[in-house]
Protein chains: 2
Amino acid sequence: MSAPRPEFARKSGSAGQRPRSRIQKRNRQIILDAALEVFSTHGFRGATLDQIALEAGLSKPNLLYYFDNKDTIHRDLLTQLLDTWLDPLRMLDPRGDPQTEIMAYMRRKLEMSRAYPRESRLFANEILQGAPRIEPFIRAELRPLVDAKAQLLTDWARAGRIAPIDPYHLIFSIWALTQHYADFAAQIGMIRGDGHDPLDGAEPFLEALYTRLLAP
Amino acid sequence: MSAPRPEFARKSGSAGQRPRSRIQKRNRQIILDAALEVFSTHGFRGATLDQIALEAGLSKPNLLYYFDNKDTIHRDLLTQLLDTWLDPLRMLDPRGDPQTEIMAYMRRKLEMSRAYPRESRLFANEILQGAPRIEPFIRAELRPLVDAKAQLLTDWARAGRIAPIDPYHLIFSIWALTQHYADFAAQIGMIRGDGHDPLDGAEPFLEALYTRLLAP
DNA sequence: GTCTATACTCTGATAGAC
DNA sequence: GTCTATCAGAGTATAGAC
């Protein structure tokens with residue numbers, strides 16, 4: 001059904017990787033791609049192995065030859081996702097120019113929504129369900145990172161280099177505004193006309209918005 | 001499980017309402033409330049009648065005495081929701097002061113996220129799934145409304161009464177920023193600490209944001 | 001109106017032939 | 001590695017007693 005897309009940034013070095021043949025790797029990737037399509041639209045419980053197998057062009061038992069069970073597939077997808085999900089925020093550089101840095105962060109997030117809308121929806125689905133599977137990650141990884149960057153934003157504001165705004169809401173606003181174009185793409189498409197690229201015009205708008213918001 | 005909450009604005013006059021006894025109405029409302037809880041977290045396919053029945057404190061057959069099937073419950077919830085969902089935007093008044101009107105619209109949307117987070121998540125789930133059940137509504141009701149209000153915003157911008165910004169992205173930004181506090185409440189709670197109200201500080205932040213964005 | 005029992009389908013997962 | 005056959009359990013829905 002779905003055309004193969006560039007693999008979502010996979011870093012080497014995750015634990016427990018057994019050696020796999022070329023065909024193994026290839027089929028696992030086909031399955032993960034199909035699973036991403038299904039999980040990102042229907043959530044974990046709403047997705048079925050039948051649907052994933054159909055999407056992948058494999059039989060259900062064959063699919064379960066490559067992955068132990070439904071949960072493992074979903075976990076692997078989330079692991080791949082989270083590995084990359086925080087990179088844009090991590091790159092916010094204390095040594096850079098504040099407004100340039102924040103603007104660049106916003107652009108990186110917007111680019112993720114453009115390149116990886118399904119990953120964004122997978123994440124959105126997980127949060128809507130109360131984040132049962134990634135709660136540990138959010139508490140252990142995301143929260144400290146956000147706290148650190150919020151401190152940085154506060155410092156910048158204190159120094160008069162950006163306007164004095166709540167740093168947490170600033171970060172949330174970037175998440176909300178950029179991810180919206182991926183998560184609510186269906187709605188935007190129906191409103192703007194179906195041939196229309198949902199992200200058309202988004203970047204200039206967000207640039208204007210944050211330019212005006214951040215000016216000291 | 002969940003405490004009964006104020007009923008989401010229900011307008012009278014929808015079609016096909018048979019006369020119902022007091023106990024009928026009461027139980028239907030209990031079921032709808034339980035169903036809202038479950039559908040808004042797991043989506044249509046991820047929700048089960050068992051879970052809804054448990055949440056409602058009724059047996060499954062009893063639940064199906066009040067509603068023909070799973071689909072009917074979901075449809076009734078969406079119908080109630082959509083009935084009210086567009087009101088904040090409808091109220092955007094051409095005769096009012098542009099900045100005041102847009103700010104008031106933002107506040108109404110934020111208030112909906114505060115008062116009806118589950119309804120917001122129900123809507124988000126439906127859109128994530130590609131809006132299969134509300135596509136007709138979006139095309140027939142939402143789209144023309146947005147087009148009309150976008151025209152109004154354009155007129156205001158042409159008259160120099162607000163900054164010249166893309167009206168569609170302006171509307172999307174209000175949706176994204178306000179609904180985010182309901183849809184991603186789980187994440188925000190884990191980041192800001194669980195005792196914390198997710199919406200704390202949101203209104204001043206959004207006021208500052210739109211004040212700066214809209215100033216001509 | 002509400003319950004127990006049950007029919008029937010879907011879904012996740014396994015066995016075993018090839 | 002891939003398939004057919006199959007199972008156990010969950011899930012939707014109905015029958016029928018009370």
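In what follows, chains are A, B, ... by sequence order, proteins preceding strands, each numbered from 1.
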Does [X] reach a base, just sugar-phosphate, or nothing at all? Heavy atoms under 4.0 Å.
X     : answer
B:L49 : sugar-phosphate
B:A47 : sugar-phosphate
A:L58 : nothing

Pair [X] + [Y], salt bridge at N-O below 4.0 Å:
X      : Y      : result
B:D76  : B:R28  : yes
B:E135 : B:R139 : yes
A:R108 : A:E111 : no
A:R118 : A:D33  : yes

Choose from [options] the nucleotide whose nearest atom is closest to any side-chain atom of [X].
X     : options               : result
B:P61 : D:dT2, C:dT2, C:dT4   : C:dT4
B:L64 : D:dA13, C:dT11, D:dT2 : D:dA13
A:Y65 : C:dG1, C:dA5, D:dG1   : D:dG1

[X] has an atom [atom1]; how far is it from atom [atom2] of [N], in whole Å?
X     : N      : atom1 : atom2 : result
A:N69 : D:dA8  : CG    : P     : 20 Å
A:N27 : D:dC3  : CG    : C1'   : 14 Å
B:I73 : D:dA13 : CD1   : C1'   : 12 Å
A:L54 : C:dC10 : CG    : P     : 15 Å
A:N62 : C:dA15 : CG    : P     : 16 Å
A:D50 : D:dT6  : CG    : P     : 17 Å
A:D68 : C:dT14 : CG    : P     : 8 Å
A:K60 : D:dC7  : NZ    : P     : 14 Å

**Request:** Answer with yes or no after comparing the ring centroid distance for A:W175 and B:F184 against a 6.0 Å cut-off, counting only values under it.
**Result:** no
**Asked** Is any side-chain nitrogen or oxygen of A:S59 closer than 4.0 Å to OP1 or OP2 of D:dG1?
**Response**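 Indeed not, no polar side-chain atom of A:S59 lies that close.
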